[in-house]
Each structure stands twice: as C-alpha cells, then as structure tokens.
Asks: 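Pasting in a structure now, in structure tokens, and then I'll have a few things to ask.
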Amino acid sequence: MKQSQLFTRTRKDAPKDEVSKNAQLLIRAGYIHKEMAGVYSYLPLGLRVFNNIIKIIREEMNAIGGQEITMTTLQSPKVWEQTGRWNDEVIDVWFKTALKDGAEVGLGVTHEEPLTALMTEYIQSHKDLPVYVYQFQTKFRNETRAKSGIMRTREFVMKDMYSFSKSQEEFKIFYEKCAAAYKTIFERVGLGNHTFRTFASGGSFSKFSDEFQTICEAGEDTIYIHRAKNIAINKEVYNEETVKDLGVTMEEFDQAKAVEVGNIFPLGTRFSDVLDLNYKDETGKAIPVVMGSYGIGPARLMGTIVEVLSDEKGIVWPKEVAPFAVHLVSLAGDNVDVKKEADRMYELLTENGIEALYDDRDLRAGEKFADSDLIGIPLRMIVSEKSMAAGNVEIINRADGSVQRIAESKIIEFLKG
Ligand code: ATP
Ligand code: MG
C-alpha cells in the first residue's frame with residue numbers, strides 16, 4: 001500500500017482526553033479512532049493488525065478441533081432468566097433495550113446461555129460428544145471504568161469458545177489442550193515471555209479457573225509470580241492455603257501488575273443442568289453435559305502488545321501481528337532515479353507476496369523516519385541516493401535498531417528467510 005493513498009495521518013500530540021499509552025500511540029499512528037469513552041473504530045492499519053491477531057487465534061482454535069460459528073448480539077431474556085443472569089445484580093454490565101412492542105432484549109455480554117440452549121437441538125447421544133464451538137463476536141458491556149484504551153471497551157470482539165464433554169475426565173483433557181493452544185497464541189503474538197497462566201477464582205467443580213495474565217504496568221490486576229517454578233496466582237486467590245497446596249511459600253513470590261488477556265473456565269454442569277443439555281449414555285441414561293468456556297479479547301491483546309513492547313519512539317509490532325512486513329521508505333527528494341528505484345522495489349516486494357507499506361510521500365527524511373518509528377512495522381527498508389550508489393538497500397530492525405545492508409539481488413531471499 002502506498003502511504004500517499006492512506007487516508008489516515010500520524011499526529012505529533014496525544015489526544016488530551018486519552019490517558020492510556022496504548023490508545024495514545026494507536027491514535028497518534030492512525031490505527032484507531034475514538035468514538036466516545038470506551039468505544040473505538042479500527043482504521044486501515046488498525047484493522048490489519050486486528051485481523052492478524054484474529055487469524056492466529058482462529059488457526060489455533062481450529063487446530064484443537066474448534067468449529068466456528070457466529071451468534072447474535074440481540075438476546076432474548078428468556079434463557080437468561082432461567083439461569084438467573086438476566087438480573088442486573090448478577091450481571092451488572094448489561095446493555096438492555098426494547099422492541100417496538102415494549103418487549104425487553106439485551107445486547108449479549110457473553111454466550112453461555114444461548115449456546116447451551118442451541119446445543120440441546122444437536123446433542124442427544126454420547127455419540128454427539130465431545131464438541132467444541134467458538135466465535136469471534138461483538139460483546140457489549142456497560143463497563144464502569146473505560147480508561148485503558150482498547151484494553152477495556154464497552155463494545156468489543158471476543159473470541160469465545162465453549163466445550164461440551166461427556167465427563168470431567170474428557171473435559172479436563174480438552175481444557176489442557178486449550179491451555180496449550182493459548183500458550184501458542186500468546187507466543188505467536190509476541191507476548192510469550194510476558195504472559196503467565198495464573199490461578200484465579202471462579203471454577204465450578206475445580207476450585208480455580210485459569211487466567212492468562214500479561215505483566216504490564218497498565219494492567220488492572222495484581223498477580224504473584226514464582227519465577228523458578230513458573231507459578232502465577234491472582235491476588236484474589238493468593239493466600240497461605242493456595243500457596244501451601246502448590247508446595248511453595250509466600251516469601252518466594254514477586255508481586256506484579258498484569259492484564260488478563262484470556263481465561264479458561266471450568267463450567268461443570270452449571271448451565272447444562274438448568275437448560276436441560278443432557279446426553280444419553282450407552283445404557284440410555286440421561287447425563288448432563290460437562291462444559292467449559294474459553295475467552296480471549298483480540299483488541300485487549302492488541303492494546304497489551306502496544307503497552308508492553310512499544311518504546312519512546314512509538315509502537316513495535318512483532319512480526320506476525322504487524323500491519324505490513326516491511327516499511328519501504330523512499331528518500332528520493334527531487335532525484336527521479338531514486339524515485340524510480342523505490343517504485344521498482346515496491347513492485348518487486350508486491351510481486352513476491354511481501355506486504356509493504358511504501359512511503360512514497362514527498363517529505364523530509366526526518367519526518368518519514370519519525371512516522372515509521374511511530375507506526376512500528378518490524379523492518380524499514382530505505383532506498384536513497386546513498387543506497388543506490390552502493391547497490392544495496394539498508395534494512396533497519398525496528399525492535400533493536402540494528403542495520404543491515406543487503407545486496408539488491410538478495411532482498412527477497414533475505415525477507416523470506
Ligand atoms: P475482566 O476481569 O478484565 O473484566 P472478564 O473476566 O470479565 O474480564 P471474560 O468475560 O472472561 O472477561 O472475557 C474473556 C476475555 O475477553 C478476557 O480475558 C479479555 O481478554 C476480554 N475482555 C473482557 N472484557 C473486555 C472489555 N471490556 N474490553 C476488551 N476486552 C475484554
Ligand atoms: Mg476476569
């Protein structure tokens with residue numbers, strides 16, 4: 001894509017009403033647009049990053065047998081009344097509205113209830129299980145706090161997966177498989193070294209659920225980490241008893257701020273009991289289905305990457321999530337030959353399937369480099385009089401600033417390697 005065609009622009013100053021680093025940088029670089037507190041639109045660069053994150057999650061969910069669907073945002077109260085979760089005291093973030101005839105509807109905050117009800121039509125026999133269903137779907141939550149940029153918004157896409165199993169044993173096998181898939185996802189988006197599987201409250205059956213917490217100053221959670229044993233515990237369940245059960249002592253833990261980028265949750269038969277999701281075993285006996293839920297917020301993940309990996313110059317995207325693989329910067333000035341060479345380089349990259357943002361604008365080098373640093377594409381490739389004279393191109397690594405000079409004939413090989 002040619003940068004001269006991109007309708008968004010970078011800006012020097014952070015918006016005054018934005019306190020979070022992720023939103024400040026993403027707005028300054030032209031990735032997102034703030035509609036109101038806790039509500040953001042995704043612009044061309046932002047959508048590319050967002051879609052890359054979704055692609056990674058989708059690949060990993062498919063790899064463990066997930067079947068993708070999309071459910072509706074509009075929710076009938078009926079099924080939620082059955083589980084008691086229509087009540088605003090039980091779920092305090094509902095957005096509720098009404099049909100023309102006055103009948104109440106809600107905007108989905110999560111989807112355990114409607115999916116469990118849906119599955120009663122498809123799960124009857126032990127032969128129908130296990131089954132794993134997931135979606136990328138927009139949730140609405142009337143969050144009280146909305147100061148964390150895209151990490152906590154009132155309208156956001158969630159990847160929510162739900163597992164349906166015959167027994168606790170069968171459930172537990174998938175639960176661990178999903179935990180492993182989550183680990184891979186956080187590694188692929190570049191947060192592997194910063195993210196811990198963390199004991200948290202709220203499991204049905206087992207005492208705990210598991211959160212995936214990324215160490216981050218802007219995080220709203222506090223966790224305790226045992227580095228040597230790779231154990232992390234959310235503050236809400238951090239006590240003598242929990243620690244003792246794990247065979248360690250409280251002195252061995254460090255405290256850290258963290259953000260919950262995902263969670264996996266044993267649901268037991270809490271929903272299947274109430275909503276009559278049963279299957280018949282070999283003997284014809286009706287048995288409630290054992291469920292689990294597995295969430296990730298792609299936008300929260302995107303915001304967290306910005307919080308954790310950016311530097312004083314701007315954003316630093318890891319390879320797999322970056323909006324483009326290469327930022328091709330032409331320093332042509334009035335030199336027609338340099339311009340031609342940069343154009344040719346852009347074509348070469350495109351022909352070889354390498355996604356490039358091509359800064360073909362007529363600006364000073366300093367401005368172009370500042371924009372490039374802010375936007376944060378992993379590799380910057382410079383075409384200038386100097387590089388042309390030397391017969392090579394300069395490639396600068398955004399993350400560590402290292403410079404490599406690569407002969408023109410070796411460029412594609414280098415970028416694909
Ligand atoms: P939190 O404790 O941070 O409020 P939660 O426990 O309510 O989150 P879930 O309902 O389990 O979160 O949602 C699953 C995932 O969706 C979370 O792990 C997070 O990544 C993401 N998520 C939750 N709330 C938001 C939000 N308001 N904005 C963006 N992403 C969110
Ligand atoms: Mg939580």
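Residues take their numbers from the sequence shown, with the count starting at 1. First listed ligand is number 1; within each ligand, the first listed atom is number 1.
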Asks: Quick one: which ligand 1 atoms are inside 4.0 Å of a heavy atom on R152?
Replies: 1 (P), 3 (O), 4 (O), 26 (C), 27 (N), 28 (N)
Asks: Is it true that Y132 and Y294 have ring centroids separated by less than 6.0 Å?
Replies: no
Asks: Say whether E60 and T184, considering side chains only, have a donor N or O and an acceptor N or O under 3.5 Å apart.
Replies: no
Asks: Give the atoms of ligand 1, by number and element, whose distance to some non-hydrogen atom of R141 is under 4.0 Å.
Replies: 5 (P), 7 (O), 9 (P), 10 (O), 12 (O), 23 (C), 24 (N)
Asks: Report yes or no: does E347 contribute a side-chain atom to a donor-acceptor pair with the main-chain N or O of R344 at less than 3.5 Å?
Replies: no
Asks: Please determine if D360 and K2 form a salt bridge, counting it only when a charged side-chain N lies under 4.0 Å from a carboxylate O.
Replies: no
Asks: Between E35 and S41, is the side chain to side chain donor-acceptor pair (under 3.5 Å) condition met? List the steps.
Replies: CA-CA 7 Å; E35 300 295 333; S41 294; 2.7 Å; yes
Asks: Check each of G38, G297, G295, S209 against atom 16 (O) of ligand 1 and report the one with the nearest heavy atom.
Replies: G297
Asks: Out of all atoms in ligand 1, which are within 4.0 Å of some heavy atom of E143? Include the element for each.
Replies: 24 (N), 26 (C), 27 (N)
Asks: Which of the atoms of ligand 1 are close to V261, meaning less than 4.0 Å from one of its heavy atoms?
Replies: 18 (O), 20 (O)
Asks: Can you tell which of E260, R154, M151 gets a heavy atom nearest to atom 17 (C) of ligand 1?
Replies: E260
Asks: Go through the side-chain N and O atoms of E155 and T138 and say whether any donor and acceptor fall under 3.5 Å apart.
Replies: no
Asks: Non-hydrogen atoms of T110 versus ligand 1: any pair closer than 4.0 Å?
Replies: no
Asks: Could you work out, for atom 19 (C) of ligand 1, the closest of M158, M302, R300 by heavy-atom distance?
Replies: R300
Asks: What atoms in ligand 1 come closer than 4.0 Å to a heavy atom of N263?
Replies: 6 (O), 9 (P), 11 (O), 18 (O)
Asks: Any side-chain heavy atom of Q82 sitting closer than 4.5 Å to one from V79?
Replies: yes
Asks: Could you tell me whether ligand 1 has any atom less than 4.0 Å away from a heavy atom of G262?
Replies: yes
Asks: Could you walk me through whether E260 and N234 pass the side-chain contact (heavy atoms from CB on, under 4.5 Å) test, one step at a time?
Replies: CA-CA 10 Å; E260 178 200 311; N234 192 309; over 6 Å; no
Asks: Contact between E220 and ligand 1, counting heavy atoms under 4.0 Å?
Replies: no
